[in-house]
Amino acid sequence: MASSDRVRVRGVDIHRSIIYGNTAWVLTQKEREALPTSDHTHRWTVAVRSAASAPDSDLVGGADDLSYFIKRVTFKLHDTYPNPNRNVDKPPFEVSETGWGEFEITIRITFVQESGEKAITFYHHLKLHPWTTSGEPEIPPLETAAKMGPVHSWQYDEIVFHDPYQAFLNILTAHPPTPLPKTKRRPVPFHTANPGSLEASKGGVPEFTQEMEKDEAERLDAAKQKLAKEYDRVNGLIIEKEKEHDRLKEEIKKALES
């Protein structure tokens, strides 16, 4: 690699939209009987994919191959699974399993060597049971759940690369992402931050849109502003406490001197 490729391009931000999450299906009685563990009730797939969906695909997202900038995705499953740390070094970046319970999955994304970037981590709560408007778990009988169809739980995010190396910037610009559709063509992914989207999420495989991308960006901005206000509040309290400490220290010093 030429030395010029190892120079960071200052003042440049470039991002790639991804989704991470899972889809779960209720196992049929025949499928359950064929498993070595008879108490498993669901089949599920957890994945990291491009945000855009391929036309007529039965997958959420996944229109683009992400291996040009992602080297490895590590999924940390519950410790009760054999080999709970699953490394996936080529697309599709996903793990499929069966089980009966929901749990948190740690997702670690390692970037290609040319990026010079540190790995990043996301956390996803494996979702097996149908969504409710309250977000609280509601576990219907398996027969009822099977008729309701697959359960989808996906989160949109943008990975932003600040001041990328020239070589990595060349790789990214050589692979422009498939744009999200401007308007709704399919059901939309449900998000607990928007309970009203529950009905709109039904009726097929959900798809992310530019409108949802804008809504998510606004939610992120609102969260950042809230954090900034909380930081200022806490920082103000610390300053006041430090002033109070200095005042008391000075009073004690004067009392000892008198």
Side-chain angles (χ1 to χ4, degrees), residues 8-22 46 48-52 60-61 69-70 73 76 102-111 115-127 131-138 152-164 168-169 172 177 179-180 182-184 188-201 206-251:
R8 288 195 176 273
V9 184
R10 302 296 177 183
V12 171
D13 286 344
I14 186 168
H15 78 274
R16 286 295 178 266
S17 301
I18 66 162
I19 60 170
Y20 59 92
N22 79 274
V46 60
V48 172
R49 297 174 183 156
S50 64
V60 183
F69 76 96
I70 292 180
V73 179
K76 172 62 172 69
E102 299 181 349
F103 56 90
E104 185 175 76
I105 297 176
T106 303
I107 302 172
R108 179 180 173 85
I109 298 177
T110 303
F111 301 107
S115 72
E117 300 285 342
K118 295 180 180 178
I120 60 173
T121 301
F122 296 102
Y123 300 93
H124 173 69
H125 181 83
L126 178 69
K127 182 72 175 168
W131 289 104
T132 61
T133 52
S134 65
E136 294 299 318
E138 184 176 299
H152 299 282
S153 178
W154 296 91
Q155 177 66 47
Y156 172 94
D157 212 309
E158 291 182 352
I159 302 176
V160 181
F161 301 104
H162 301 285
D163 301 339
F168 188 46
L169 180 60
L172 293 174
L180 294 173
K182 293 182 178 180
T183 57
K184 177 178 175 289
V188 297
F190 176 69
H191 197 295
T192 53
N194 182 17
S197 65
L198 181 59
E199 285 302 316
S201 69
E207 179 180 51
F208 286 84
T209 65
Q210 290 185 25
E211 186 176 351
M212 292 189 69
E213 180 183 33
K214 178 175 175 290
D215 291 343
E216 185 65 20
E218 290 175 351
R219 275 198 294 268
L220 288 172
D221 287 341
K224 289 177 182 177
Q225 291 176 14
K226 185 177 180 180
L227 282 173
K229 289 181 180 178
E230 182 64 12
Y231 172 83
D232 290 340
R233 186 186 71 82
V234 173
N235 195 48
L237 289 174
I238 292 173
I239 292 173
E240 288 299 320
K241 292 296 182 183
E242 288 177 344
K243 288 180 179 179
E244 179 69 10
H245 175 266
D246 292 341
R247 185 183 65 78
L248 292 173
K249 187 177 179 180
E250 187 65 26
E251 289 181 359

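Values reported hereafter were calculated over all heavy atoms of this structure, with side chains retained and with hydrogens, waters and symmetry mates removed. Note that the structure is a prediction, hence the values are computed from the model and not measured.
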Closest contact, heavy atoms only, [X] versus [Y]:
X      : Y      : answer
Ala52  : Pro179 : CB-O, 4.1 Å
Thr209 : Thr183 : CG2-O, 3.8 Å
Pro206 : Pro189 : CB-N, 3.6 Å
Asn22  : Lys127 : ND2-O, 2.8 Å
Phe208 : Ala51  : CB-O, 4.1 Å

Tell me every residue that passes side chain to side chain contact (heavy atoms under 4.5 Å, CB included) with His125, counting only those two or more places apart in sequence or in another chain. Glu102

Qualifying residues under side chain to side chain contact (heavy atoms under 4.5 Å, CB included), relative to Asp232, sequence neighbours excluded: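 Side chain to side chain contact (heavy atoms under 4.5 Å, CB included) check on Asp232 returns nothing, list empty.
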
Can you find a pair of side-chain heavy atoms, one from [X] and one from [Y], that are under 4.5 Å apart?
X      : Y      : value
Trp154 : Arg49  : yes
Ile14  : Pro164 : yes
His152 : Ser201 : no

Quick one: pull up [atom1] in [X] and [atom2] in [Y] and give me the separation to the nearest 0.5 Å.
X      : Y      : atom1 : atom2 : value
Leu172 : His15  : CG    : NE2   : 11.0 Å
Glu211 : Lys182 : CD    : NZ    : 13.0 Å
Ile159 : Ile109 : CD1   : CD1   : 4.5 Å
Thr106 : His124 : OG1   : NE2   : 11.5 Å
Phe190 : Trp131 : CZ    : CH2   : 6.0 Å
Thr110 : Ile70  : OG1   : CD1   : 9.5 Å

Only counting residues at least two apart or in another chain, list the ones meeting side-chain hydrogen bond (donor to acceptor under 3.5 Å, both in side chains) with Glu207.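 So Glu207 forms a side-chain hydrogen bond (donor to acceptor under 3.5 Å, both in side chains) with Arg185.
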
Which residues share a ring-ring contact (aromatic ring centres under 6.0 Å, His included) with Tyr123, sequence neighbours left out: none

Partners meeting ring-ring contact (aromatic ring centres under 6.0 Å, His included) with Phe161 (sequence neighbours left out): Phe111, Phe168

With sequence neighbours excluded, residues passing salt bridge (charged side-chain N to carboxylate O under 4.0 Å, His left out) with [X]:
X      : result
Glu250 : none
Lys76  : Asp79
Glu104 : none

Check: residues 237-246 side-chain donor-acceptor pairs under 3.5 Å, at least two apart:
residue : atom : partner : partner atom : Å
Glu244  : OE1  : Arg247  : NE           : 3.4
Glu244  : OE1  : Arg247  : NH2          : 3.3
Glu244  : OE2  : Arg247  : NH2          : 2.5

Leu248 vs Glu251, side-chain contact (heavy atoms from CB on, under 4.5 Å): CA-CA, chis, key distance, verdict: CA-CA 5 Å; Leu248 292 173; Glu251 289 181 359; 4.0 Å; yes

